[in-house]
Amino acid sequence: MFLSKLSEEEQKGFLDLVDILNDENINAEEEKLVAEYKEELGLNYNPTKKNFDEVILSYKNSSKENKIIVYFELMGLALCDGNYEADEEVFMNNVKAAFEISDEIETRVFNWFAAVKKLYDETEIDWVSAVGRLEREAEDIISK
């Protein structure tokens, strides 16, 4: 959703982090989302199998907003299949700590994805309004 705001180096780092998060445990929902990420980015780039610390270090000069974008999008991947597994939680906690993401932002990100899931699970009378509201909330989360 927000990956186009990242520099090319940050986008490549994001794909490296996606690769680390998924490792060899990728299911159909996650595979679909990864394909959407790659389409959104339009990069001809294959992750380089860097280690976590090396990839995180590439974000040392990144803005707080861009770090939140990466965290937000990674959380979407971790939650997209409805299972927040222990290894995903550990990974996301490591990203949170490395990027100094506050508990408040973490809670807002979780709540945002819960609202999206609820929207998809239930019949929404005013779908356009609801999606627009969620997009505005996401913008507000990443701009903190």
Side-chain angles (χ1 to χ4, degrees), residues 1-121 124 127-144:
M1 179 184 288
F2 301 108
L3 295 174
S4 64
K5 294 183 176 193
L6 303 177
S7 71
E8 185 174 327
E9 180 182 346
E10 291 168 330
Q11 292 174 356
K12 289 177 179 178
F14 173 77
L15 291 176
D16 287 329
L17 289 171
V18 164
D19 194 55
I20 294 167
L21 174 59
N22 281 330
D23 198 15
E24 295 166 13
N25 303 321
I26 187 166
N27 62 38
E29 291 93 354
E30 292 165 336
E31 218 169 78
K32 181 180 177 211
L33 187 54
V34 170
E36 290 174 14
Y37 288 150
K38 288 180 178 179
E39 184 178 327
E40 178 182 349
L41 294 173
L43 291 177
N44 184 17
Y45 177 74
N46 291 315
T48 57
K49 296 288 186 188
K50 295 177 181 175
N51 70 41
F52 179 83
D53 292 332
E54 190 178 349
V55 178
I56 291 297
L57 187 60
S58 72
Y59 286 95
K60 70 178 180 183
N61 295 320
S62 296
S63 69
K64 186 68 173 176
E65 180 176 326
N66 286 4
K67 290 176 182 176
I68 293 172
I69 288 170
V70 170
Y71 178 81
F72 181 92
E73 298 287 357
L74 288 171
M75 186 63 76
L77 180 60
L79 298 173
C80 76
D81 62 357
N83 297 317
Y84 193 40
E85 297 172 9
D87 60 333
E88 293 171 326
E89 186 174 358
V90 168
F91 179 87
M92 291 308 301
N93 284 335
N94 289 337
V95 173
K96 178 185 172 193
F99 286 171
E100 299 177 341
I101 303 292
S102 69
D103 291 341
E104 176 198 356
I105 294 296
E106 177 186 44
T107 300
R108 291 179 69 196
V109 169
F110 266 96
N111 290 344
W112 189 87
F113 282 106
V116 169
K117 182 175 180 348
K118 182 178 179 185
L119 184 62
Y120 281 113
D121 289 348
E124 184 71 42
W127 174 260
V128 174
S129 174
V131 169
R133 176 181 45 79
L134 287 171
E135 287 175 351
R136 287 188 301 279
E137 287 175 13
E139 284 281 352
D140 186 52
I141 290 168
I142 66 158
S143 66
K144 291 296 175 187

Whether over 12 other heavy atoms sit under 6.0 Å from Lys32 NZ: no
Whether over 12 other heavy atoms sit under 6.0 Å from Glu9 CD: no
Closest non-hydrogen atom pair, [X] against [Y]:
X	Y	value
Ala138	Phe72	CB-CZ, 3.8 Å
Tyr71	Lys96	CE1-CB, 3.8 Å
Leu15	Lys38	CD2-CG, 4.1 Å
Met75	Met92	N-CE, 3.6 Å

Just verifying a value: how many Å separate [X] [atom1] and [Y] [atom2], rounded to the nearest 0.5 Å?
X	Y	atom1	atom2	value
Glu89	Asn94	CD	CG	11.0 Å
Asn111	Glu137	CG	CD	9.5 Å
Ile68	Ile101	CD1	CD1	5.0 Å

Okay, side chain of [X], backbone of [Y]: is any donor-acceptor separation there less than 3.5 Å?
X	Y	answer
Glu73	Phe2	yes
Glu40	Leu3	yes
Asn51	Asp53	yes

Output field: ring centroids Tyr84/Phe113 closer than 6.0 Å: no
Worked verdict on Val18 versus Leu33 for side chain to side chain contact (heavy atoms under 4.5 Å, CB included): CA-CA 10 Å; Val18 164; Leu33 187 54; over 6 Å; no
Would you say the side chain of [Y] lies within less than 4.5 Å of the side chain of [X], judging by non-hydrogen atoms?
X	Y	result
Ile56	Lys67	no
Phe52	Leu17	yes
Arg108	Asp140	yes
Leu41	Leu6	no
Leu43	Tyr37	no

Side chain to side chain contact (heavy atoms under 4.5 Å, CB included) evaluation trace for Phe14 with Leu74: CA-CA 8 Å; Phe14 173 77; Leu74 288 171; 3.8 Å; yes
Criterion side chain to side chain contact (heavy atoms under 4.5 Å, CB included) on Phe91 and Asn22, from CA distance to verdict: CA-CA 10 Å; Phe91 179 87; Asn22 281 330; over 6 Å; no
Results of side-chain hydrogen bond (donor to acceptor under 3.5 Å, both in side chains) for Ser7 - residues two or more places apart only: Glu10
By side-chain hydrogen bond (donor to acceptor under 3.5 Å, both in side chains) - contacts of Glu100 (at least two apart): none
Matching residue for Ile142 among Val109, Asn66, Ile69 - test: side chain to side chain contact (heavy atoms under 4.5 Å, CB included): Ile69
